[in-house]
Amino acid sequence: TPEFLRRIEQKLKEFGYEMYYGFVEYYSETNAIHKELTPFHKRERFSYQHEYRIYIECNNQNPLTIHIGNLEDIAYLIRLPNKKPDIATN
């Protein structure tokens, strides 16, 4: 939601990071690419994923953790049936 993205962006700005977001653009592997690829480009064979990305410009090699607070006002919990994973045994 726009509010979810706003909260992430606000927190990142506190730390001096820039954020970009949007849908991925899928490109054909058989056709020549005439433009520079960005973090928002992906091979066409993955187009079934309909991916949306958040890209954070950061020179840090460590994982980035941010806390954006409680999301109860913009999200809700969906409980799934309790199913144990199938485990193969020998």
ask   = Which atom pair, heavy atoms only, marks the closest approach of Gly22 to Phe40?
value =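 Gly22 and Phe40 have their closest heavy atoms at N-CE2, 3.6 Å.
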Which value, rounded to the nearest 0.5 Å, describes the distance between [X] atom [atom1] and [Y] atom [atom2]?
X: Leu12; Y: Ile68; atom1: CG; atom2: CD1; result: 9.5 Å
X: Glu25; Y: Glu44; atom1: CD; atom2: CD; result: 11.0 Å
X: Ser47; Y: Lys42; atom1: OG; atom2: NZ; result: 10.0 Å

Side chain to side chain contact (heavy atoms under 4.5 Å, CB included) between Tyr27 and Leu37, worked out = CA-CA 10 Å; Tyr27 64 89; Leu37 296 179; 3.8 Å; yes
Given the rule that I, L, V, M, F, W and Y join up when any side-chain heavy atoms are under 4.5 Å apart, are [X] and [Y] in one cluster?
X: Ile8; Y: Phe15; value: yes
X: Leu80; Y: Tyr76; value: yes
X: Ile54; Y: Phe46; value: no
X: Leu64; Y: Tyr55; value: no
X: Tyr20; Y: Ile66; value: no

ask   = Hey, is CZ on Phe4 packed in by over 12 heavy atoms from elsewhere, all under 6.0 Å?
value =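 No, not enclosed.
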message = Please check if the number of heavy atoms outside Glu72 that lie under 6.0 Å from its CD is greater than 12.
response =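 Check fails, neighbour count at 12 or below.
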message = With side chain to side chain contact (heavy atoms under 4.5 Å, CB included) as the criterion, how do Arg45 and Glu29 come out once you've worked through the C-alpha distance, each side chain's angles and the decisive distance to 0.1 Å?
response = CA-CA 8 Å; Arg45 65 185 161 134; Glu29 297 176 59; 3.2 Å; yes
task = Could you tell me which residues satisfy side chain to side chain contact (heavy atoms under 4.5 Å, CB included) with Tyr52, sequence neighbours excluded, listed by chain and number?
result =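 Partners of Tyr52 under the side chain to side chain contact (heavy atoms under 4.5 Å, CB included) test: Leu5, Tyr21, Phe23.
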Under 3.5 Å donor-acceptor, Arg43 side chain and Tyr26 backbone =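 Such a contact is absent between Arg43 side chain and Tyr26 backbone.
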key: Presence of salt bridge, Glu9 and Arg7, under 4.0 angstrom   =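 No, Arg7 and Glu9 are not salt-bridged.
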request  = Applying side chain to side chain contact (heavy atoms under 4.5 Å, CB included), run through His41 and Val24 and close with a yes or a no.
outcome  = CA-CA 6 Å; His41 288 94; Val24 166; 5.9 Å; no
query = Would you say the side chain of Glu57 lies within less than 4.5 Å of the side chain of Met19, judging by non-hydrogen atoms?
reply =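 Met19 vs Glu57: side chains apart.
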